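To keep things clear, I will list the structure first and then write my remarks on it.
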Amino acid sequence: MRRSTSRRSVLVAGAAALAAGCSKYGDEGGGGGDAQPEPEPSGTPSSGAPSAAGPSSSGAGQPPAADELTRTTDIPVGGGKVFADKKVVVTQPEKGDFKAFSAVCTHAGCTVRDVSGGTINCPCHGSKYRIADASVAGGPAPRPLPPQKITVTGNSITLD
């Protein structure tokens with residue numbers, strides 16, 4: 001007796017496997033929003049020297065105000081920081097020049113993980129974006145990260 005598998009059974013099994021695999025990537029990029037962003041400042045390259053600026057010692061240790069996303073002293077020159085809970089990444093390509101972009105990868109929708117080596121990096125499939133303009137520097141991403149509006153007032157950065 002020969003037993004045949006229906007097309008529907010194959011499709012259902014394939015969809016279940018795909019959903020299980022994709023959910024793993026979604027959890028890595030965006031799940032635990034407040035647990036992931038905390039280690040980022042220490043994990044970013046020390047190409048910028050936040051301690052070199054005098055005012056950084058007075059404000060860097062205090063948490064941002066309620067409407068404040070972060071402080072300028074928390075974003076290293078030549079680097080950046082991912083705010084997974086807000087789905088935004090803030091960079092400082094050159095001293096005093098702050099930029100913000102969506103933290104959602106344009107390839108598969110994962111949340112980017114970190115900023116290092118002059119690029120914003122996605123852990124899912126290796127896409128990389130340049131910190132100056134979020135243009136694609138490598139990987140399967142089809143287009144740049146969309147810009148986000150921020151306002152810098154003194155030492156405060158707020159998301160518009």
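Note that the structure is predicted; figures quoted are calculated from it, not measured. All residue numbers in this chain count up from 1 along the given sequence.
Residues C105 and Y129 are in side-chain contact: their nearest non-hydrogen atoms beyond the backbone lie under 4.5 Å apart. Within the 4.5 Å cutoff, the side chain of I157 has no heavy atoms near those of the T151 side chain. Looking at V88 and F101, their side chains never come closer than 4.5 Å, going by heavy atoms from C-beta outward. The shortest distance between side-chain heavy atoms of R113 and C122 does not fall below 4.5 Å. Here the side chains of T91 and F98 are not in contact, with every heavy-atom distance at 4.5 Å or above.
The minimum heavy-atom distance linking S116 with N121 is given by the pair OG-ND2, 3.1 Å. In plain terms, the two heavy atoms of I150 and A100 that are nearest each other are CG2-CB, 3.4 Å. Between V89 and A103, the shortest heavy-atom distance links the atoms N-CB, 4.1 Å.
Taking NE2 of H107 as the start and OG of S127 as the end, the distance is 6.0 Å to the nearest 0.5 Å. One finds the CG atom of L159 at 7.0 Å from the NZ atom of K86 (value rounded to the nearest 0.5 Å). We find the CD1-CD distance between I131 and E94 to be 9.0 Å, quoted to the nearest 0.5 Å.
Remark: the backbone N or O of V112 is not paired with any side-chain donor or acceptor of D114 at under 3.5 angstrom. Distance alone, capped at 3.5 Å, is enough to place a donor-acceptor pair between the Q92 side chain and the I75 backbone.
S102 and K87 share no side-chain donor-acceptor pair at under 3.5 Å. Side chains of S135 and R130: a donor-acceptor N/O pair is present below 3.5 angstrom, by distance only.
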Between T70 and K81, does the side-chain hydrogen bond (donor to acceptor under 3.5 Å, both in side chains) criterion hold? Intermediate values first, please. CA-CA 9 Å; T70 191; K81 184 175 178 183; 4.6 Å; no
The test is side chain to side chain contact (heavy atoms under 4.5 Å, CB included); show your working for T158 and L69 and say whether it passes. CA-CA 5 Å; T158 55; L69 178 64; 5.7 Å; no
Could you walk me through whether T73 and N155 pass the side chain to side chain contact (heavy atoms under 4.5 Å, CB included) check? CA-CA 7 Å; T73 53; N155 190 32; 3.5 Å; yes
